[in-house]
Amino acid sequence: MPISLSEALNCLLPQAAPITETEHVDLWSLMGRVLAEDVISSFDQPPFARSPLDGYALRAADLANASHENPAVLDVIDEICAGNVSDKFLEPGQAIRIMTGAPIPHGADCVVRQENTDYGERCVSVYEVLSSGKNICPAGEDFTTGTLLLKAGTLLRSAEAGLLAEAGLTQVPVYRKPRIALFSTGDEVVPPGTPLTPGTIYDSNLITVGNALLSFGAELTVREHCPDDASLLAEKIRTTAGSADLIVTTGGVSVGKKDILHEVFSLIPARRLFWKIAIKPGMPTLCGLYENTLLVCLSGNPFSAFVSTQLLLRPLLALISRRPDLLAKKVSAVLDTPYRKYTRTACYLCASLQDGRVRFPAGRSGNGILSTVVGSNCLAVIPANTPALPAGTSVEVIFL
Ligand code: AMP
Ligand code: MG
């Protein structure tokens, strides 16, 4: 009896565990990686009080009643650009020309924007009154010494990388990537780049599923095709299992003569967790365990393999790689056109969601059809035992 998708996940997920091994990566290699240790700042950022604008550093007390009609006139005793430091101490009646990012000189307590002055070089007329502290970014404005900058478990993206750079770090510890061995099967399947002979087709599953796994942040330790030879595949699985967190295969899980995965399981031997999920596509999925390694064996139909990758491998990878962001995002949306069929088994249909409305692709769809997946941005979920749905009905959609 097929089990439901949630039963399948409840069976699979407890067999997987988050990766604990870590490695160091530099700031150019951390996109999508998960931080393995807290990062705490060891200094203030910025390390010094600085000017947020181009103008003049001065003493607020010197500007009493200053205005256009009655400017405060100050001696300009120095000029500081970002990257320089002034060694002058600013006395009453003095100003220092200052550029954005330069350190506030000693003795100054505010900065006037240059647009509110006459831009004087030797002496400057200031046209406004400022309060002490105005236009000064204090030291530690972004973070101070001892601040928890990033918690262990944080998904690293560009802003996190930038924060680590601000903190002066060049590398950080992250959890290693999940390692997956991926096999496609099928005597009829040949790699692109070789000539097609009668009865053969190109291997698309290896590429579709493999690229999806790469996009989920996995490393493919093996990505190869295996003919429909149960002993050969059993041997390949046995030898790769030790170095993989997960083994994924496509094809050979149904009930035909060449559906070798059942025999492969008994040869390895692998313990079957379940066979068949009550969903379309992807019904004949077979899952098991060889020692501690999970085997997820998907149907060879290209659309089925694609959908099963989204429904099964995505949550598995989210768990193994500690990336809840990989979990499918779901929303409810309204059918733009009717769905005319009675649905006995829960169905996942590729569709495009725009402005809250779901449209199905114009071309054919089916287990063996990948062309209409291109251009789709979601899967529309039609639950089991649903009568035909008129346009305007709300359905759940899963973002791809
Ligand atoms: P199977 O699951 O092995 O019974 O295959 C189901 C259908 O998918 C058959 O029409 C196969 O030829 C096709 N198929 C299987 N594996 C692949 C593959 N790697 N790439 C493209 N099509 C495949
Ligand atoms: Mg096959």
Side-chain angles (χ1 to χ4, degrees), residues 26-28 30-31 35 37-151 154-172:
D26 69 29
L27 303 193
W28 291 107
L30 52 57
M31 286 298 286
L35 189 65
E37 285 172 23
D38 289 350
V39 174
I40 293 167
S41 60
S42 59
F43 59 86
D44 291 350
Q45 164 58 22
F48 48 85
R50 62 184 175 180
S51 177
L53 44 81
D54 301 316
Y56 296 80
L58 40 80
R59 291 164 176 260
D62 285 341
L63 302 181
N65 303 321
S67 66
H68 255 280
E69 296 68 38
N70 179 31
V73 181
L74 305 170
D75 289 334
V76 180
I77 60 162
D78 203 0
E79 182 176 290
I80 340 170
C81 295
N84 299 140
V85 177
S86 175
D87 56 4
K88 301 266 175 27
F89 187 95
L90 196 120
E91 303 286 353
Q94 296 181 334
I96 289 180
R97 190 85 167 91
I98 192 166
M99 298 296 138
T100 305
I104 303 297
H106 293 294
D109 68 354
C110 65
V111 174
V112 63
R113 180 184 290 282
Q114 65 185 16
E115 290 83 350
N116 293 331
T117 73
D118 67 351
Y119 295 79
E121 296 278 341
R122 307 222 357 233
C123 63
V124 62
S125 295
V126 180
Y127 305 138
E128 67 170 342
V129 172
L130 296 170
S131 52
S132 178
K134 186 76 183 166
N135 297 331
I136 289 182
C137 295
E141 183 192 39
D142 198 347
F143 53 79
T144 54
T145 309
T147 302
L148 175 60
L149 293 178
L150 295 173
K151 275 171 85 159
T154 300
L155 175 67
L156 301 174
R157 302 242 184 226
S158 62
E160 287 76 14
L163 191 64
L164 292 166
E166 278 196 340
L169 297 171
T170 56
Q171 51 170 25
V172 280

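Being a predicted model, the structure only gives us computed values, none of them experimental. These numbers come from the heavy atoms of this one structure, side chains and all, not from hydrogens, waters or symmetry mates.
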What closest approach, in Å, do Val112 and Glu128 show between heavy atoms, and which atom pair accounts for it?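 Here Val112 and Glu128 meet closest at CG2-OE2, 3.4 Å.
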
Using a cut-off of 6.0 Å, state whether more than 12 heavy atoms not belonging to Asn70 lie near its atom CG.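 Yes, the 6.0 Å shell around CG holds more than 12 heavy atoms from other groups.
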
Could you check whether any side-chain N or O of [X] sits under 3.5 Å from a backbone N or O of [Y], counting only pairs where one atom can act as donor and the other as acceptor?
X	Y	answer
Arg59	Leu90	yes
Glu141	Pro138	no
Asp26	Trp28	yes
Asp118	Val124	no
Thr147	Ser41	no
Tyr56	Gly120	yes

Check the angle between the aromatic planes of His106 and Phe89 and answer parallel, tilted or perpendicular using the 30° and 60° thresholds.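 Ring orientation, 0 to 90° scale: parallel.
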
Spatial distance of atom CD1 (Ile104) from atom CD1 (Ile98) [nearest 0.5 Å]: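 If we round to the nearest 0.5 Å, Ile104:CD1 and Ile98:CD1 are 4.0 Å apart.
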
Residue pairs passing the side-chain hydrogen bond (donor to acceptor under 3.5 Å, both in side chains) test where at least one lies in residues 43-54, sequence neighbours excluded: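 Passing the test, one end in residues 43-54: Asp44-Thr145, Asp54-Thr100.
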
Min side-chain heavy-atom separation [X]-[Y] under 4.5 Å:
X	Y	answer
Leu30	Leu164	yes
Leu74	Gln94	no
Phe143	Leu163	yes
Ile77	Ile96	yes

Which residues satisfy the side chain to side chain donor-acceptor pair (under 3.5 Å) test with Asp78, sequence neighbours excluded?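 Once residues adjacent in sequence are excluded, the partners of Asp78 under the side chain to side chain donor-acceptor pair (under 3.5 Å) criterion are Ser86.
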
Does the pair Leu150 and Val172 meet the rule for a side chain to side chain contact (heavy atoms under 4.5 Å, CB included), with working shown? CA-CA 11 Å; Leu150 295 173; Val172 280; over 6 Å; no

